[in-house]
Amino acid sequence: MKRGLLSGVVAMLALALAAGLNGVPAKYAEYAGWEVVADKGLPMGGPHAGPGKVVYANPVAAKDWKSGKPLALGSIVVKTAGPASAPTLLAVMEKRQSGWYYEEYFPEGGKYLLKFGGPNNQGLCVGCHTGAKAKDYLFTRP
């Protein structure tokens, strides 16, 4: 009974968070409950520009983050910029069987819109992240 109640609460929290990030898929919108793996010394400029950058890793990614090993399949990393309550950017990387998958969202008109990456637009992201191949394509890894 307790397990069912806990699952229900977790599902409600995930839905509430996803509603606050309207337009961002729920599996990415849950990032605020994940481990913060980088939040200091991140550059202000670059394609993910902005103050207040924070990098979150889901439990699969967090397990191997500091090891230097490539992250496992199912790893999801989300970088935000701006205030925690209303990020001005969400950059997502998900490690899939085919390799890293990228999406980048920006707020516009009361919801978050996918502006870069996505199912048919990986080229720009892949081209840039190739420069971090030695760190499993993640610039923010130690």
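These numbers were taken from a predicted model, which means no experiment stands behind them.
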Please report the closest heavy-atom contact between [X] and [Y], naming both atoms and the distance.
{"X": "Ala62", "Y": "Glu35", "answer": "CB-OE1, 3.4 Å"}
{"X": "Val60", "Y": "Ala72", "answer": "CG1-CB, 3.9 Å"}
{"X": "Ala57", "Y": "Trp34", "answer": "O-CB, 3.1 Å"}
{"X": "Pro70", "Y": "Asp64", "answer": "O-OD2, 4.2 Å"}

Would you indicate whether the side-chain heavy atoms of [Y] and [X] approach each other to under 4.5 Å?
{"X": "Leu21", "Y": "Tyr31", "answer": "yes"}
{"X": "Lys53", "Y": "Thr80", "answer": "no"}
{"X": "Lys135", "Y": "Pro142", "answer": "no"}
{"X": "Thr140", "Y": "Leu42", "answer": "yes"}
{"X": "Trp65", "Y": "Val55", "answer": "yes"}
{"X": "Leu71", "Y": "Arg141", "answer": "yes"}
{"X": "Pro87", "Y": "Tyr105", "answer": "no"}
{"X": "His48", "Y": "Leu89", "answer": "yes"}

Look up atom [atom1] in [X] and atom [atom2] in [Y], then write down how far apart they are to the nearest 0.5 Å.
{"X": "Asn58", "Y": "Lys95", "atom1": "CG", "atom2": "NZ", "answer": "12.0 Å"}
{"X": "Ile76", "Y": "Tyr101", "atom1": "CD1", "atom2": "OH", "answer": "11.5 Å"}
{"X": "Leu90", "Y": "Leu114", "atom1": "CG", "atom2": "CG", "answer": "11.0 Å"}
{"X": "Trp100", "Y": "Cys125", "atom1": "CH2", "atom2": "SG", "answer": "13.0 Å"}

Exercise. With under 30° as parallel and over 60° as perpendicular, where do the rings of His129 and Tyr102 fit, or are they tilted in between?
Worked result: tilted
Path from [X] to [Y] over hydrophobic side-chain contacts below 4.5 Å:
{"X": "Leu124", "Y": "Tyr137", "value": "no"}
{"X": "Tyr56", "Y": "Val77", "value": "no"}
{"X": "Met93", "Y": "Val78", "value": "no"}

Exercise. Thinking salt bridges, do Asp136 and Lys69 make one under a 4.0 Å N-O criterion?
Worked result: no
Exercise. Is a salt bridge present between Lys115 and Glu103, judged by a nitrogen-to-oxygen distance below 4.0 Å?
Worked result: no
Exercise. When you check the side-chain N and O atoms of Tyr28 and Glu30, is any donor under 3.5 Å from an acceptor?
Worked result: no
